[in-house]
Protein chains: 2
Amino acid sequence: MQSRSTPSTRAGGRPRSTEADTAILEATRQALVDLGWTKLTLGDVATRAGVAKTTLYRRWAGKSELVVDAVAELFDELELPDSGSLATDIEGVVLQFAALLGRPETKTALMAVVAESTTDEPLRERIRASIVDRQKRLVLAGRARAQDRGELPAEPDTAAAARTADLIFDVIAGAVVHRALVSAEPVDAEWAEQFTSLVLGGLAAVSGRGPAAVPSAPDTAP
Amino acid sequence: MQSRSTPSTRAGGRPRSTEADTAILEATRQALVDLGWTKLTLGDVATRAGVAKTTLYRRWAGKSELVVDAVAELFDELELPDSGSLATDIEGVVLQFAALLGRPETKTALMAVVAESTTDEPLRERIRASIVDRQKRLVLAGRARAQDRGELPAEPDTAAAARTADLIFDVIAGAVVHRALVSAEPVDAEWAEQFTSLVLGGLAAVSGRGPAAVPSAPDTAP
DNA sequence: CAGTTACGCTACGAGCCGTAGCGAAAGCCA
DNA sequence: TGGCTTTCGCTACGGCTCGTAGCGTAACTG
């Protein structure tokens, strides 16, 4: 959660103001809302946060790193609600993620930092650690819970299980992002329902034999 | 394909140099390779193309529009190979798209312009018209072909058919982009195969009853 | 030939970047 | 208490990019 790794050498000396940290990250999110990624400048963020511009540069290497940390905090909200079935679990996660992508801060920032990360390996790693892994945990938790319920079979082959989890994760996160940001169409309950039935049906096909229970067509239209 | 809509009022006067157009777009792609999206400047592109900087500003509103046009040309390469079955058609498209995303120009540019488009509605429309629709056509063509083969049932409900096509498109494009750019893991034949079987299995579940032929588990592991 | 539009070139104010240097503040430790 | 260390706010700076204005010239039309 801390911006830098270790405060360099030792303890001793004036400690970094944690209030400044929270003020800066909050100011960054607000600046994203008001200006968007491109027009956001570090000088403006510093003014909003009530700190000196040099303080920003002492803690973050640049705009990308700062924004990653700022939006990463929003991903703490993501949870896996125990809704009783795998289908409703997936729908819940999809709608939560969509709500996050609906906010102007994340909407304008997420794709931008990913674009940056294509030519900046450390940045990619930072995104993976503070954002992507946080989402992926939901997929793993959802599967474990479904296996406890008996909705999904246990997978003794750990390598294959990891491959499948990666696949499912890319499908869910990718589809939601694409629908929300590229197609720019609403990710509502109806879409989540149809998408979930696709994932569940696909899960049956991809994990060898079919799972314990997959509805053929839930209740989209009578 | 032309940068601007109509050359304003009338014909008459010196025509725009089409050679300059191609030189600028090619220079833009090369600059994307060498510098990446962020460090790319219009002044640099103008120098590479051998034209004046003012010429660039006369034709494009800004960096985003120019880059969209530059990478859009690359999407002309996308085709739907008639491979004989829906499964191999999908795998082919996935691998083609992945190859496109593997190129450094598109890798760094695509996410960046989409990020821009979240706060720039005309830009989003430009992207849709020159890039997204070009991809979506492949999905529609693939479905039509599969219906001709008898692999998929005809869909009398055109509204539902459109919804399903949109869903499938977001799933395919989103998953490939997420795998390639966010997870940053290879989109190879093995992944394409597993992903395709997921899509086909999901297609069976989402389009009411099952289609004519869906393999339970192709040949991923013996 | 006159009329119209695109072109290359130069120059400019404006804005942001990222850093250096300073004195003061805020903690630790003897 | 005094010394040591680190962070802080502030100011100032060179360097770069932006986007535009103005000019004379080139190319094509009627």
Side-chain angles (χ1 to χ4, degrees), chain A residues 2-25 27-28 31-32 34-67 112-113 116 119-120 122-123, chain B residues 2-25 27-28 31-32 34-67 69 108 112-113 116 119-120 122-123:
Chain A
Q2 52 188 356
S3 339
R4 281 295 191 202
S5 46
T6 4
S8 64
T9 50
R10 281 264 177 169
R14 177 174 177 173
R16 287 197 168 161
S17 163
T18 57
E19 302 150 11
D21 252 329
T22 61
I24 290 170
L25 294 176
T28 303
L32 283 172
D34 296 343
L35 308 172
W37 160 265
T38 311
K39 296 182 183 174
L40 180 146
T41 68
L42 292 193
D44 184 79
V45 170
T47 304
R48 288 170 184 260
V51 301
K53 191 173 61 162
T54 45
T55 300
L56 273 176
Y57 282 101
R58 288 193 190 100
R59 305 192 183 193
W60 285 278
K63 182 169 162 176
S64 304
E65 288 79 3
L66 172 62
V67 169
V113 295
E116 290 299 306
T119 55
D120 184 343
L123 181 63
Chain B
Q2 52 189 356
S3 338
R4 279 297 189 203
S5 48
T6 5
S8 63
T9 51
R10 282 259 177 174
R14 177 175 178 174
R16 286 195 168 164
S17 164
T18 58
E19 301 150 11
D21 251 329
T22 61
I24 290 170
L25 293 176
T28 303
L32 282 173
D34 295 343
L35 308 173
W37 160 264
T38 311
K39 296 181 182 174
L40 180 146
T41 68
L42 292 193
D44 184 79
V45 170
T47 304
R48 288 170 185 259
V51 301
K53 192 174 62 163
T54 45
T55 299
L56 273 176
Y57 281 102
R58 289 193 188 98
R59 305 192 183 194
W60 285 277
K63 183 169 161 176
S64 304
E65 288 80 3
L66 172 62
V67 169
D69 287 6
T108 186
V113 294
E116 290 298 306
T119 54
D120 184 345
L123 181 62

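Just so it is clear: chains get the letters A, B, ... in the order the sequence lines come, proteins before strands, and each one is counted from 1. Please read these numbers as outputs of a predicted model, since none were measured by experiment.
- B:Lys63 NZ to B:Thr41 OG1: the interatomic distance, rounded to the nearest 0.5 Å, is 7.5 Å.
- The distance from atom NZ of B:Lys39 to atom P of D:dC18 is 14 Å, rounded to the nearest whole Å.
- Side-chain atoms of B:Lys53 come within donor-acceptor range of the base of D:dG19, with a qualifying N/O pair under 3.5 Å.
- Note: CG (B:Leu35) to C1' (D:dC16) measures 14 Å, nearest angstrom.
- As rounded to whole Å, 11 Å separates atom P of C:dC17 from atom CG of A:Leu66.
- Between A:Leu56 atom CG and C:dC17 atom C1' there is a gap of 13 Å when expressed in whole angstrom units.
- Between A:Trp60 atom CH2 and C:dG18 atom C1' there is a gap of 17 Å when expressed in whole angstrom units.
- Between B:Thr108 and B:Lys39, the closest side-chain pair of non-hydrogen atoms is not below 4.5 Å.
- Scanning atom types as modelled, no donor and acceptor separated by under 3.5 angstrom connect the side chain of A:Arg58 and the base of C:dG18.
- Look at CG on B:Leu42: it is 9 Å from C1' on D:dG19, rounded to the nearest Å.
- Where B:Asp44 and A:Val51 meet DNA chain D, the nucleotide closest to each residue was compared, and A:Val51 sits on the side nearer the 5' end.
- Scanning atom types as modelled, no donor and acceptor separated by under 3.5 angstrom connect the side chain of B:Arg14 and the base of C:dT5.
- Two residues are said to be in side-chain contact when any heavy atoms from C-beta on lie closer than 4.5 Å; A:Leu42 and A:Trp60 fail this criterion.
- Note on A:Ser17: every side-chain N or O is 4.0 Å or more away from OP1 and OP2 of D:dT7.
- Comparing atom distances between the A:Pro15 side chain and each of D:dC18, C:dG27, D:dT7 picks out C:dG27 as nearest.
- Note: CZ (A:Arg48) to C1' (D:dG9) measures 20 Å, nearest angstrom.
- No side-chain donor-acceptor contact under 3.5 Å links B:Thr28 to the backbone of B:Val67.
- DNA chain D is contacted by both A:Ala52 and B:Gly43; A:Ala52 maps to the nucleotide lying nearer its 5′ end (nearest heavy atom per residue).
- Looking at residues two or more places apart in sequence or on another chain, you find a side chain to side chain contact (heavy atoms under 4.5 Å, CB included) between B:Arg48 and B:Ala27, B:Gln30, B:Ala31, B:Asp34, B:Leu35, B:Asp44.
- In this structure, CZ of B:Arg16 is placed 9 Å from C1' of C:dT5, rounded to the nearest angstrom.
- Judged by distance alone with a 3.5 Å cut-off, a donor-acceptor contact links the side chain of A:Thr54 to the base of D:dC10.
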